[in-house]
Every structure is written in C-alpha cells, then in structure tokens.
Colleague: 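My questions will all concern the structure given below.
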Amino acid sequence: GKCMLKLREELGDSVKRPPQFDAWIDMYGGEEFEKDVMDYIALVDAACQSATCEELEQMKRHFLMSCKLEHMFWDQAIHIMKWPEIGG
C-alpha cells in the first residue's frame with residue numbers, strides 16, 4: 001500500500017487515472033487497511049499455533065491458491081485478457 005502512495009506521488013499528474021483509482025490507492029495505502037492486515041496476520045499466526053499438521057498443510061494450500069489467483073488477477077489486466085465466448 002505505501003509503495004502505491006509513493007508511486008502516485010512520484011508520477012503526480014503525468015499519468016491520467018480515474019478518481020476511483022485514487023480512492024483505491026488511498027484505501028490500500030491507508031493506516032486502517034494496514035492495521036486490518038496486521039490484525040489478520042496475528043489471527044492466522046494464532047490459529048497456526050493450535051493447528052494440526054493436516055490443518056497447516058490445508059492452510060498452506062489455500063494460501064498458495066490465493067497467491068495464484070492474485071497473480072492471475074493482475075496478469076489478466078496486464079495482458080488485457082478477454083472472456084471466452086460461452087454459448088451462442
């Protein structure tokens with residue numbers, strides 16, 4: 001989040017963007033979002049302390065899948081992915 005705020009500051013008005021993008025950057029770069037992330041990390045860390053080996057493996061699989069989906073989200077935007085035609 002903080003890196004997005006820095007980049008926006010560096011780019012200034014040299015890049016045109018809709019106001020919604022600035023609102024999105026403000027949310028992810030804000031202190032409230034950072035606090036929420038840190039709270040969630042603490043929650044997951046606490047859950048790991050009492051998790052079984054099987055539960056830890058499942059948590060790892062879910063985490064890795066979420067990383068893949070996040071990558072795919074950004075990758076489709078960079079490559080301007082189009083939805084396949086389904087049906088007629």
Side-chain angles (χ1 to χ4, degrees):
K2 301 282 186 222
C3 62
M4 291 188 291
L5 290 171
K6 183 178 181 223
L7 181 60
R8 179 177 62 187
E9 184 179 319
E10 290 171 2
L11 293 172
D13 292 332
S14 68
V15 175
K16 299 290 181 208
R17 61 189 171 271
Q20 297 92 330
F21 286 12
D22 281 329
W24 181 78
I25 291 169
D26 289 339
M27 183 191 75
Y28 279 101
E31 291 180 18
E32 184 177 344
F33 185 79
E34 186 175 340
K35 181 190 175 307
D36 289 345
V37 169
M38 298 308 291
D39 289 348
Y40 186 75
I41 290 170
L43 182 86
V44 172
D45 285 347
C48 289
Q49 297 301 313
S50 62
T52 65
C53 288
E54 183 179 322
E55 289 168 333
L56 288 172
E57 282 302 313
Q58 187 174 15
M59 291 169 79
K60 180 180 173 182
R61 285 192 303 274
H62 287 297
F63 175 76
L64 290 173
M65 177 57 76
S66 71
C67 291
K68 290 175 185 178
L69 292 170
E70 183 76 5
H71 169 79
M72 290 169 63
F73 170 78
W74 291 106
D75 189 64
Q76 63 83 28
I78 290 169
H79 294 101
I80 310 174
M81 183 189 93
K82 300 208 184 307
W83 286 100
E85 291 294 324
I86 299 174

Colleague: Around atom CE of Met59, are there more than 12 heavy atoms from other residues, nucleotides or ligands closer than 6.0 Å?
Modeller: yes
Colleague: Let me check something: do Trp74 and Met4 share a hydrophobic cluster, defined by ILVMFWY side-chain heavy atoms less than 4.5 Å apart, either directly or through other members?
Modeller: yes
Colleague: Could you measure the distance from the CG atom of Asp45 to the CE atom of Met38? Nearest 0.5 Å is fine.
Modeller: 9.0 Å
Colleague: Between Leu69 and Phe73, is there a side-chain heavy-atom distance shorter than 4.5 Å?
Modeller: no
Colleague: Take atom CZ in Phe33; do more than 12 heavy atoms of anything else shown fall under 6.0 Å from it?
Modeller: yes
Colleague: So if you build clusters from Ile, Leu, Val, Met, Phe, Trp, Tyr with side-chain heavy-atom gaps below 4.5 Å, do Leu5 and Val37 land together?
Modeller: yes
Colleague: Same hydrophobic cluster for Met27 and Ile25, using side-chain heavy-atom links shorter than 4.5 Å among ILVMFWY?
Modeller: yes
Colleague: Please, which pairs that meet salt bridge (charged side-chain N to carboxylate O under 4.0 Å, His left out) have at least one residue in residues 10-19, sequence neighbours excluded?
Modeller: Lys6-Glu10, Arg17-Asp22
Colleague: Please list all pairs passing the salt bridge (charged side-chain N to carboxylate O under 4.0 Å, His left out) test where one or both residues lie in residues 49-74, with sequence neighbours left out.
Modeller: none
Colleague: Any salt bridge (charged side-chain N to carboxylate O under 4.0 Å, His left out) pairs touching residues 23-35, not counting sequence neighbours?
Modeller: Lys2-Glu34, Arg8-Asp26, Lys35-Asp39
Colleague: Decide whether Leu56 and Ile41 are clustered together by the hydrophobic rule: side chain heavy atoms of Ile, Leu, Val, Met, Phe, Trp, Tyr closer than 4.5 Å, transitively.
Modeller: no
